[in-house]
Chemist: 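Starting off with a structure, shown below.
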2 protein chains.
Amino acid sequence: MARPRIKDVALRAGVSEKTVSNVINDYVHVSERTRRVVRQAIDDLGYRVNLAGRHLRRGRTGIIALVVPELDLPYFAELANLIIAEAERNGLTVLVHQTRADREHELAALDGFGSDFADGVILSPLALVDEDLRSRSGALPTVLLGEKLNAGCADHVAIDNAAAAREATEHLLQLGRRRILVVGGLDGESEGTAEVRTRGYRAALAAAGVPFDPRLVVPVAKFATPDGAAAMHRALTDGLAPDAVLALNDQMAIGAVRALHERGLRVPEDVAVVGFDDVEAGRYSVPTLTTVAPDKAEIAAVAVALLIGRIAESQGRGAGEPAGAPGNAPGVNGAVPAHGGVNGAAATGGSPAGARAGRVLPPHERVVPHRLVIRESTSGARKSTVPGPRAGD
Amino acid sequence: MARPRIKDVALRAGVSEKTVSNVINDYVHVSERTRRVVRQAIDDLGYRVNLAGRHLRRGRTGIIALVVPELDLPYFAELANLIIAEAERNGLTVLVHQTRADREHELAALDGFGSDFADGVILSPLALVDEDLRSRSGALPTVLLGEKLNAGCADHVAIDNAAAAREATEHLLQLGRRRILVVGGLDGESEGTAEVRTRGYRAALAAAGVPFDPRLVVPVAKFATPDGAAAMHRALTDGLAPDAVLALNDQMAIGAVRALHERGLRVPEDVAVVGFDDVEAGRYSVPTLTTVAPDKAEIAAVAVALLIGRIAESQGRGAGEPAGAPGNAPGVNGAVPAHGGVNGAAATGGSPAGARAGRVLPPHERVVPHRLVIRESTSGARKSTVPGPRAGD
DNA sequence: ACATCTTGTTACATCGATGTAAGACGTACC
DNA sequence: GGTACGTCTTACATCGATGTAACAAGATGT
């Protein structure tokens, strides 16, 4: 009744445990007949590999952790979707954690949650400071997403946020807008997303000779829709009288649009709105949302590739890898590919290929492309294609 | 340089491996002095537990799998958020998979992905048929979410979809609407979400004496925004001339609203719209969305509680649990609580408590409350609170 | 026919942590 | 002072799968 072990399969098939293992792992030198017999026994017993055993032996779990602030922020949900798919394509399983922007949670993630369950982490930090990263002994292979942290501590994937914000702002300036509210902005020195994007905004203003009004930069507690709406309401109440909004993500942009709507202001006629992230909601909102679209699929692909590279590189550090040559290492059916090909793209630092085990490569810094997608919230609504058939009621 | 083992800690602290283990697991009979020494050694070496080893020994991983169709459907993202949080509260970690409504993926999930990595699965099936569930030997503790499957195969959590759809439809009927389009509907016999909700719709029509027009039930490939928009456009083009829309989720409702907007139809004046799920987007859309709001937090709580119950019940089946009494079983610092309390609510079947190991309880059937949240898309827009300060440009 | 090679299979040790059972030490009590 | 008990600690086996190395059985060459 208990779950069958490899031993049970071996017994039933009349072969040794190792032979069963060899069949499971597609080791080449197994006769077709033996293979069949073993397969049959596996089916008969309903045997499934016990990963605890396998991982203890192999030293790798095939699991990577994805750590994001909140899954119900659509940007992260969409990104998680892509990363999970990409990981699966590489034989990896993704374990999702949420930090709620809490530093303790983020630190725990870097530490592998006090254990070694994951082979690596993809982390989107909000609360960590550089110091946190530097101080850790580089235990777990890590890839960072988004802005927040200085380079030099771990692999890092992001769009050029300063340039993106600048382009978005220039777009608004070209429309003749001059009082551009930055929802979620932060006029500071550090490397957080808010700060970097705000700097891009200021750069655009400066280039256009438009004076910077610090009151137009309104911070928020969280990059979420309610915060965007509240910030917008506040700005209007405070008489800031903006003629455009640069919301630092789409959720806040949607909140801002809603708030403007409630105040009887038209978008884009009275106030033009730009967001960041290109989430699906912005493609179907009324009006549709102009936004900075990062190449999310590319972010996912690069992040996973980098992480796989790091994991491969860290071989021999942890358990497993008992000795020299592979002995009879088979194709490892569903597991991690040996190298995973860190596809060579615009990388800063790092020798090209073949990371020799034990040697730690300098961090990769990857910039992923973005583009400004112009929709109704700045370009004006496309109106009535077809007459309404009836008035209800 | 290699990662420290418990052996290394023991060596450094000058005690045995088991003593280190005892400290780690808060075993009572360890002198304060020894405890300090060991803790120090752990800190010095940066030791972290190797979960592969622990799990091999303990037989449980503390990981549950959450399997949803797509994470970028906000409903599932929001639900995942809540389930992850709830699981964390119970010392469990969540591994997220996406099936993309593919039957093979869903089957793989029930099978624990060909291994035993997860202690259990919370699955939101779309493509499975009852047969799939019945045929599996009940290997992995499982909780099903949503409609799709008949009871009797595994624990199941859902709202009363038929009643919910009926209430939503009644609401539209009360507004005087008579030609209610069902976006995503399916007029069939089976137990899928679409069918069950469509039956609720028909029940409401029947009760109100409104004839059923099958052409008003328009199926979709996927419960997503583009599908909702496309279905709406198609319906309008086909001259179905609806005066209301019952969209079977909020994403499709948002798509429908967008399509109506593009056709120059006003919501709710020309066409009233109701959705399902109460996702955040519907609370900030223009107009805001009337919707059936399931108690998602409750769904998450019940699902996790049921699963924990099943896992506890399945004790002794898999590995671990070597012998009788706990010997010196400690407080198991961060692991799964012994019972987890399947809080008693409206349950069908199943003895109340203390599932004796080995005995398999009949499936639980849990119905979670929902309510109809009426917003602008049926009640009319709240308009202009404050005059617009300027016209841009 | 015999040495050599290749292929297919096996016994055994091992990955790291922990349950078991037993041992070492100290204290309290008669 | 000796015994019994409680406290603290340890040696060892074990969880399940797999790498290593060795060996058996055919195939090949001379």
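All chains are named by letter (A, B, ...) in the order of the sequence lines, taking the proteins before the strands, and each is independently numbered beginning at 1.
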Chemist: Check every strand shown and say whether A:V20 touches a base, only sugar-phosphate, or nothing at a heavy-atom separation below 4.0 Å.
Modeler: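 Touches nothing.
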
Chemist: Taking only residues two or more places apart in sequence, or in another chain, which ones meet B:E86 in a salt bridge (Lys or Arg N to Asp or Glu O under 4.0 Å)?
Modeler: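 Partners of B:E86 under the salt bridge (Lys or Arg N to Asp or Glu O under 4.0 Å) test: B:R89.
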
Chemist: Considering only side-chain heavy atoms of A:Y47, which listed nucleotide, D:dA17, C:dT18, C:dT10, is closest?
Modeler: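 Nearest to the side-chain atoms of A:Y47, counting from C-beta on, is D:dA17.
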
Chemist: Given that B:R33 and A:K7 both sit by DNA chain D, which one's nearest nucleotide is further toward the 5' end?
Modeler: B:R33

Chemist: Is it true that a side-chain atom of A:D43 and a backbone atom of A:Q40 form a donor plus acceptor pair closer than 3.5 Å?
Modeler: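 Not confirmed, A:D43 side chain does not pair with A:Q40 backbone.
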
Chemist: Please examine the side chains of B:R35 and B:D26, heavy atoms only from C-beta on, and report whether any two atoms are closer than 4.5 Å.
Modeler: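 Sidechains of B:R35 and B:D26: in contact.
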
Chemist: Quantified as the angle between the terminal helix axes (five pairs each), what is the overall bend of the helix from C:dA1-D:dT30 to C:dC30-D:dG1 to 10 degrees?
Modeler: 50°

Chemist: Between B:N50 (side chain only) and B:A52 (backbone N and O only), is there a donor and an acceptor less than 3.5 Å apart?
Modeler: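 Side chain of B:N50 to backbone of B:A52: a pair is present.
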
Chemist: Between the protein and nucleotides 4-8 of chain C, list the N/O to N/O atom pairs that are separated by less than 3.5 angstrom.
Modeler:
residue	atom	partner	partner atom	Å
C:dG8	OP2	A:H29	ND1	3.2

Chemist: A:N25 side chain N/O closer than 4.0 Å to the phosphate oxygens (OP1, OP2) of D:dT18?
Modeler: yes

Chemist: Looking only at side-chain N and O atoms, does B:R5 come under 4.0 Å of OP1 or OP2 in C:dG16?
Modeler: yes

Chemist: Is the shortest side-chain heavy-atom distance between B:I6 and B:I24 below 4.5 Å?
Modeler: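 They are in contact (side-chain heavy atoms under 4.5 Å apart), so the answer is yes.
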
Chemist: For A:V302, run the side chain to side chain contact (heavy atoms under 4.5 Å, CB included) check against A:V157, A:D155, A:V143, A:L307 and tell me which one passes.
Modeler: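 It is A:V157, the one option of A:V157, A:D155, A:V143, A:L307 that forms the side chain to side chain contact (heavy atoms under 4.5 Å, CB included) with A:V302.
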
Chemist: Drop me the distance from B:L92's CG to B:I311's CD1, to the nearest 0.5 angstrom.
Modeler: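 Between atom CG of B:L92 and atom CD1 of B:I311 there are 6.0 Å.
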
Chemist: Looking at B:S16, I'd like to know whether one of its side-chain N or O atoms comes within less than 4.0 Å of OP1 or OP2 on D:dT9.
Modeler: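 It does not, given that no N or O in the side chain of B:S16 lies less than 4.0 Å from OP1 or OP2 of D:dT9.
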
Chemist: Among A:V94, A:I63, A:I84, A:V96, which residue meets the side chain to side chain contact (heavy atoms under 4.5 Å, CB included) test with B:L95?
Modeler: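 The single option meeting the side chain to side chain contact (heavy atoms under 4.5 Å, CB included) with B:L95 is A:I63.
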
Chemist: Of the nucleotides C:dT10, D:dG16, D:dA17, which one has an atom closest to the side chain of A:V15?
Modeler: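 Comparing C:dT10, D:dG16, D:dA17 against the side chain of A:V15, the answer is C:dT10.
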
Chemist: Of all the choices, C:dT10, D:dG16, C:dT20, which nucleotide is nearest to the side chain of B:K18 once you look at every atom?
Modeler: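 The answer is C:dT20.
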
Chemist: OP1 or OP2 of D:dT10 less than 4.0 angstrom from a side-chain nitrogen or oxygen of B:T19, does that happen here?
Modeler: yes

Chemist: Mind checking whether B:Q98 and A:E88 have side chains closer than 4.5 Å, heavy atoms only?
Modeler: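 B:Q98 does not reach A:E88 side chain to side chain.
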
